[in-house]
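Single-structure report; data block below.
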Amino acid sequence: MDRSQTKVLIEEVIKDLKQNNEFLEMDDLEERNKTLESAGEILKTTDKIIKSYIRVSRDGGKIERIPAYRVQHNNISGFYKGGIRFSEDVDESEVENLAILMTLKNALHGLPFGGAKGGVDINPRDYTDRELNLISKKYVQRFALNLGPTQDIPAPDLGTNERIIDWMVGEYKTIHPGQAYSGSFTGKSVENNGAKGRREATGIGTFLSYFYLLNEWFPEKRKDSEIRNEARSSQWETLEKLHTKFNEADPVDVAVQGFGNVGGVAALEAYNNAAAKHRVAAVSDQFVTLRHPEGLNVEKLLSYTRKHNRLPDTREQLQEYKIEAEVKAAKDILTMDVDVMIFAAVEDQVTKENMKDIQADVLVEGANAPVSVEADLYLQEQGKIIIPDILANAGGVHVSYLEWKQSRVTEMYSKEEILEEMGAQMRSTLKQVFGEYFLSSEHTMRFTCYSIALRRLTSLLYKHGKLF
Ligand code: NAD
């Protein structure tokens, strides 16, 4: 789902809100329409796009100038917040799209942050530690004026991690001596005032978004057939089928695309789930898919990946860790016959080109924007359930909020407190979205999420007097 699709969806939701007279009640209908259109215009455009070039001297002596971005989409609901990614696919359009998604995600979950995103156009695997350290420090130097605990607070994303964030905080501190620096970034290591559980939070929250639906929300609602929404009857059937499956001790088959920070943890959540049996039938990274119809040993795969920074893909590598798996091409995972597909890699994985080949019943977007708008609608018509990114992958930003808050009160929360708070906050948003989607909405779950987020953002813009 790219930037133009995100903007079109914002426009469609604003149109829909015009028909919903319970929202933003006003006597003058023309005035109300103008107010809503004005909110749409603000949210379809971006506050600030900063592009710069980072100069790096490579270990071999060569000098490179690398494009780097910070995009601040909107801060009506709080300080700008969003990750920094290191990836060869980074460009202005991608970073802007991800910044818009952050504004919507924070608004949907009621977090006191706006939306931003950063990116550096490199493949981090091609750079040495010294070069990555230099790039991280220069990123902070370039964008220093725009970052800070009460301005714009970055975090890790694709291709970055707590080590890179620690380097960035170190540089921020050097540039701003004597100033509060701990809240300037989240996703720091625990030793460097990071929050316990931040690394695992997005993966745990992603799995929770699916498991809460099947194991908590659905069992409670299925007793009352009166409340069902006809438009969602095939989705109810899908839930019924899956629920029966794991209640009869027949494991639910899960596939996870991407085996990094988000995917590795989501796979482990499925593997260790105590409440219902899951089988992790396939996992993939950018190089390979590993499959085992009786279930992969996720713990062994994680120990291999921790050491080698990628999944094993030769017979010798698999044997060294006693891993049983069939080796397939990276893309093969998308069309496998499983019940649940968790996306935890990159954008645009399911589009009109391959949507007809998707077999999973539930698609969970741990990654940002893996399913296009056309595919989302088509798959919904096939009775499938698509849990969208801004709903599913917010565990990380929930914990980032606690990390930022902890830096202001100088009090450390325990890992249990953090994950319990994150789970409670996620459940509350999940309950609201599932309630609207399954019981009354005629749209996709993504549309429902955008609608809740845009209602909050529009109300705030209105109350701040920005819509005249
Ligand atoms: P990561 O760098 O730790 O892991 C990414 C994984 O995806 C790796 O296994 C990598 O091999 C694989 N991958 C990369 N490019 C690929 C490609 N072209 N095709 C298939 N696989 C590919 O990244 P992460 O932090 O786990 O982030 C994964 C996704 O989750 C991203 O879309 C990111 O924006 C989103 N996300 C991350 C967080 C977070 O807290 N880290 C929060 C919200 C959303």
Side-chain angles (χ1 to χ4, degrees), residues 1 81-90 94-95 97-99 101-102 104-106 108-109 111 115 117-120 122-125 132 154-165 185-188 194-195 197-207 209 255-268 282-290 301-302 304-306 308-313 328-334 341-350 364-371 388-401 403 422 426:
M1 194 174 152
K81 176 110 194 69
I84 298 172
R85 66 167 53 178
F86 285 1
S87 148
E88 282 170 307
D89 294 326
V90 159
E94 182 191 70
V95 183
N97 189 36
L98 294 167
L101 293 181
M102 280 307 296
L104 294 167
K105 190 196 306 188
N106 288 328
L108 169 66
H109 290 267
L111 287 162
K117 203 82 183 188
V120 180
I122 55 162
N123 179 351
R125 288 174 188 275
L132 286 173
D157 191 68
L158 188 79
T160 53
N161 51 30
E162 61 183 37
R163 190 169 70 133
I164 285 177
I165 295 295
F185 287 79
T186 60
K188 304 179 290 290
R198 170 63 183 86
R199 195 188 58 77
E200 298 94 328
T202 308
I204 293 179
T206 297
F207 186 77
S209 67
V256 184
Q257 188 201 31
F259 204 66
N261 178 27
V262 179
V265 174
L268 191 64
V283 298
S284 75
D285 64 8
Q286 68 208 87
F287 308 108
V288 68
T289 292
L290 296 177
L301 288 170
L302 282 171
Y304 185 92
T305 317
R306 248 176 248 127
H308 299 279
N309 199 20
R310 52 170 295 171
L311 287 166
D313 68 348
K328 301 252 178 204
K331 282 272 173 205
D332 288 359
I333 196 159
L334 293 171
M341 171 72 71
I342 297 178
F343 296 89
V346 288
E347 294 93 303
D348 301 324
Q349 296 304 295
V350 184
V364 191
E365 294 187 338
N368 284 305
V371 179
D389 45 14
I390 63 167
L391 181 61
N393 71 24
V397 69
H398 274 294
V399 173
S400 276
Y401 168 60
E403 181 175 339
M422 182 274 279
M426 283 286 291

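Start at 1 and go down the list; that is how both ligands and their atoms are numbered.
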**OP:** Return the residue, atom name and 0.1 Å-rounded distance of the protein heavy atom closest to atom 26 (O) of ligand 1.
**Re:** Val262 N, 2.8 Å

Original post:
Is there a heavy atom in Ala330 that sits closer than 4.0 Å to ligand 1?
Top reply: no

**OP:** State the CG-OG1 distance between Leu311 and Thr289, to the nearest 0.5 angstrom.
**Re:** 9.0 Å

**OP:** Spell out, as yes or no, whether a donor-acceptor pair under 3.5 Å connects the side chain of Asn261 to the backbone of Asn161.
**Re:** no

Subject >> Any Phe343 side-chain heavy atom under 4.5 Å of Leu334 side chain >> reply: yes

Original post:
Going by the order shown, which atoms of ligand 1 are within less than 4.0 Å of some heavy atom of Ala367?
Top reply: 29 (C), 30 (O), 32 (O), 35 (C)

Original post:
Could an N or O of ligand 1 be found under 3.5 Å from any N or O of Ala345, whether backbone or side chain?
Top reply: yes

Original post:
For ligand 1, does Ala344 get within less than 4.0 Å through its side chain, its backbone, both, or neither, judged by non-hydrogen atoms?
Top reply: backbone

Original post:
What are the two closest heavy atoms between Val399 and Ala201, and how far apart are they?
Top reply: CG2-CB, 3.5 Å

Original post:
Quick check: does Gly159 get an N/O under 3.5 Å from an N/O on ligand 1?
Top reply: yes

Subject >> Full working for side-chain contact (heavy atoms from CB on, under 4.5 Å) between Glu347 and Leu98 >> reply: CA-CA 10 Å; Glu347 294 93 303; Leu98 294 167; 4.1 Å; yes

**OP:** Measure across Val283 and Ala267 and return the closest heavy-atom pair with its distance rounded to 0.1 Å.
**Re:** CG1-CB, 4.5 Å

**OP:** Report yes if some N/O of Phe259 lies less than 3.5 Å from some N/O of ligand 1; otherwise report no.
**Re:** yes

Original post:
Does even one non-hydrogen atom of Arg198 get within less than 4.0 Å of ligand 1?
Top reply: yes

Original post:
What protein heavy atom sits nearest atom 17 (C) of ligand 1, and how far off is it?
Top reply: Val346 CG2, 3.6 Å

Original post:
Picking from His398, Glu200, Arg198, what satisfies side chain to side chain contact (heavy atoms under 4.5 Å, CB included) with Met422?
Top reply: His398

Original post:
N/O to N/O below 3.5 Å, does that happen between Thr160 and ligand 1?
Top reply: no

Subject >> Carboxylate-amine/guanidinium proximity below 4.0 Å for Glu403 and Lys188 >> reply: yes

Subject >> Numbered atoms and elements of ligand 1 in range of Gly258, under 4.0 angstrom, heavy atoms >> reply: 6 (C), 7 (O), 9 (O)

Original post:
Would you say the side-chain atoms of Asn368 and Asn393 include a donor-acceptor pair closer than 3.5 Å?
Top reply: yes

Subject >> For atom 16 (C) of ligand 1, closest protein heavy-atom neighbour >> reply: Gln286 CB, 3.5 Å

Original post:
Would you say Lys105 and ligand 1 have an N/O pair spaced under 3.5 Å apart?
Top reply: no

Original post:
If you count the atoms of ligand 1 from 1 in the order shown, which ones are under 4.0 Å from a heavy atom of Gly260?
Top reply: 3 (O), 4 (O), 6 (C), 8 (C), 9 (O), 26 (O)

Original post:
Which pair of non-hydrogen atoms, one from Val364 and one from Ala392, has the smallest distance, and what is that distance?
Top reply: CG1-CB, 4.0 Å

Original post:
Nearest to atom 35 (C) of ligand 1, what protein heavy atom do you find, and at what distance?
Top reply: Gly366 O, 3.7 Å

Original post:
Are Asp389 and Lys105 side-chain neighbours, meaning at least one heavy-atom pair lies under 4.5 Å?
Top reply: no

**OP:** Could you establish whether Gly396 and ligand 1 come within less than 4.0 Å of each other, counting only heavy atoms on the residue side?
**Re:** no

**OP:** Specify side chain, backbone, both or neither for Thr202, according to which of its non-hydrogen atoms lie closer than 4.0 Å to ligand 1.
**Re:** side chain

Original post:
From Arg310 CZ over to Phe287 CZ, what is the distance, rounded to the nearest 0.5 angstrom?
Top reply: 5.0 Å

Original post:
In the protein, which heavy atom is nearest to atom 41 (N) of ligand 1, and how far is it?
Top reply: Asn261 ND2, 3.0 Å

**OP:** Give a yes/no verdict on whether any heavy atom in Arg85 is under 4.0 Å from an atom of ligand 1.
**Re:** yes

Original post:
Quick one: does Leu101's side chain get under 4.5 Å of Lys117's, heavy atoms only?
Top reply: no

Original post:
How close does the nearest protein non-hydrogen atom get to atom 5 (C) of ligand 1, and which residue and atom is it?
Top reply: Leu158 CD1, 3.6 Å

**OP:** Can you pull out the closest protein heavy atom to atom 33 (C) of ligand 1? Residue, atom name and distance to 0.1 Å, please.
**Re:** Asp157 OD1, 3.3 Å

